[in-house]
Protein chains: 2
Amino acid sequence: MGAEARDVPAAAGAAASHRTASDATALDVPSGRPAGVPTPAVGDARLARLALNQWTTREWSLREAVEGCVRAGLPAIGLWRDKVADAGLAESAKLVREAGLRVSSLCRGGFLTASEPAARAEAIADNRRAIEEAAALEAACLVLVVGGLPAEERDLPGARERVAEALAELAPYAGAHGVRLALEPLHPMYCADRAVLSTLDQALDLAEPHPVEQVGVVVDAFHVWWDPYLPAAIRRAGARIASFQICDWVLPLPADTLLARGMMGDGTIDFRAMAAMVEAAGYRGDIEVEIFNADVWSADPNAVVDTMKRRYVTELLG
Amino acid sequence: MGAEARDVPAAAGAAASHRTASDATALDVPSGRPAGVPTPAVGDARLARLALNQWTTREWSLREAVEGCVRAGLPAIGLWRDKVADAGLAESAKLVREAGLRVSSLCRGGFLTASEPAARAEAIADNRRAIEEAAALEAACLVLVVGGLPAEERDLPGARERVAEALAELAPYAGAHGVRLALEPLHPMYCADRAVLSTLDQALDLAEPHPVEQVGVVVDAFHVWWDPYLPAAIRRAGARIASFQICDWVLPLPADTLLARGMMGDGTIDFRAMAAMVEAAGYRGDIEVEIFNADVWSADPNAVVDTMKRRYVTELLG
């Protein structure tokens, strides 16, 4: 048997691993550690709020990701605009609707810090298109990554002010389309180049002037876990919480820090505590696994989905 | 002349570069960009508060760093315990005293997050020794880097609570020795492995129960520049500010993020704005340049000191 197993080609092995993932021999990816629990099966009530953000299985097309969610018994998917564009907007909407999936989020709009008028106008126009796409997809929210400091600029308060101004233009447009914008604070290590929005409290300050159904916030565990004021900020967020995303903080950071995210349980984040805080704040929406990680991306996507189901059970619900 | 210059050995060339650093041909290190201003000479009033943290010129021994400060007209030096130990505590104190230098800080104590009793006791004992060393050196403060999460632990609030408990033991000991502890918030990207103290406000919360002369805080530009609540936190800090350290945030981050610090002016930090806030809060102590950066460390230390003098003028005072 052992010799035969070694003769199975890699692709077939991956499929076999998927079919037998609930048995005791399954391995988590990318750690290679033995699975801690059987993989929850389709219909398992514990999966009722678990969503796959499709960049976690980046190799999959939108159609493949939708099929992967159905096969795994996941009720919701977080979509990315580039994948939606590849599949076509109408076709994407049809695929998720016919599969019976909720769209837990559309990623992403934002990048609103440009000081140059033409660049700013283009950013606003692109965000209006993103809002229209989110409406067509009936996404629970449109995630906004607000953008970093423009090249050669050092005026951080100025860049933050421009985000507030752009948001004031976009929020009513979102409201008119029945779309909720979700401001995502990114970890402070991305402040210079990705998002001048760095804490949940700052996101709530930014959201405050706008109706709660137009502007919410994202609680992404990776970005906010370190914040000493997180418990108070999550309580304060309450009904503003539009999305709860999870992945772990794993050291050492890779050279490309955008890919620093890990599978839940492989790092330092106490997901159970954070999930309890988000629950106590009143959030009842989907919990979306979003992992940017070269090792996760090179693993079999089915094995990634199976691992995330198990880790969701052991790390959040356990 | 050109051919002759190329024949000068590297060490002599470095010395020559130092001697002629105030002329128009000087190059900044490590950027290689032309110097923006002449290098301020010994006795220049603009240098009255500029301190060299000796890890910026890590290649230098304590004696060499003291001599380098005197040669460059810097009135103060930030010392590190390992370098002090190499030179001997009494000899180090004598060297800086006879050179007429202030000791702007001693780096560092801390690492107070251990949960295991023996490790915790050893940390307390080591911090008591550090306090005694700071007293012998008449350092303006003893910088505390509080430590990260212990291996395999995820209880961040618990680790933070242990820091508060250890501080309560150490503060009176510091007071009895006339030493001021300086709590250093580190950038949140170091929360897991270096310091669970992540913002200036958190440091102030931690300092609050203790007399201001026993427990202060460090404002290190690199660690706090991203904080949306920094202006309010610096105002709140007021007389708690025990140290103001500077270096720049330069992208991309290197693989070893501990070495991510850059020369002022090479990155995204608005030092003039931050220095104005620290000044308005009442801080009148030394401003210490602390750069951990492989390119800075491999440059001629004299050229590093000359560059930091010029950049201090152009980036903070200009």
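Chain identifiers are assigned alphabetically (A, B, ...) following the order of the sequence lines, protein sequences preceding nucleic acid strands; residue numbering begins at 1 within each chain.
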Atom pair CH2/OG of A/W225 and B/S198 - distance to nearest 0.5 Å:
7.5 Å
Nearest 0.5 Å, what's the CH2-SG distance between B/W249 and A/C191?
8.5 Å
Out of A/E153, A/E152, A/Q202, which one racks up the most heavy-atom pairs below 4.5 Å with chain B?
A/Q202
Does the side chain of A/W226 come within less than 4.5 Å of B/M189's, by heavy atoms?
no
Chain A contacts, top residue of [options] (heavy-atom pairs, under 4.5 Å):
options	result
B/L251, B/V196, B/D227	B/L251
B/A273, B/P157, B/G267	B/G267
B/G148, B/A255, B/P228	B/P228
B/D155, B/I269, B/L253	B/I269

If I measure from the heavy atoms of chain A, does B/T257 come under 4.5 Å with its side chain, its backbone, both, or neither?
side chain
Can you spot which of B/D193, B/L149, B/L156 makes a side chain to side chain contact (heavy atoms under 4.5 Å, CB included) with A/T268?
B/L149
Heavy-atom donor-acceptor pair, B/R154 side chain to A/F271 backbone, under 3.5 Å:
no
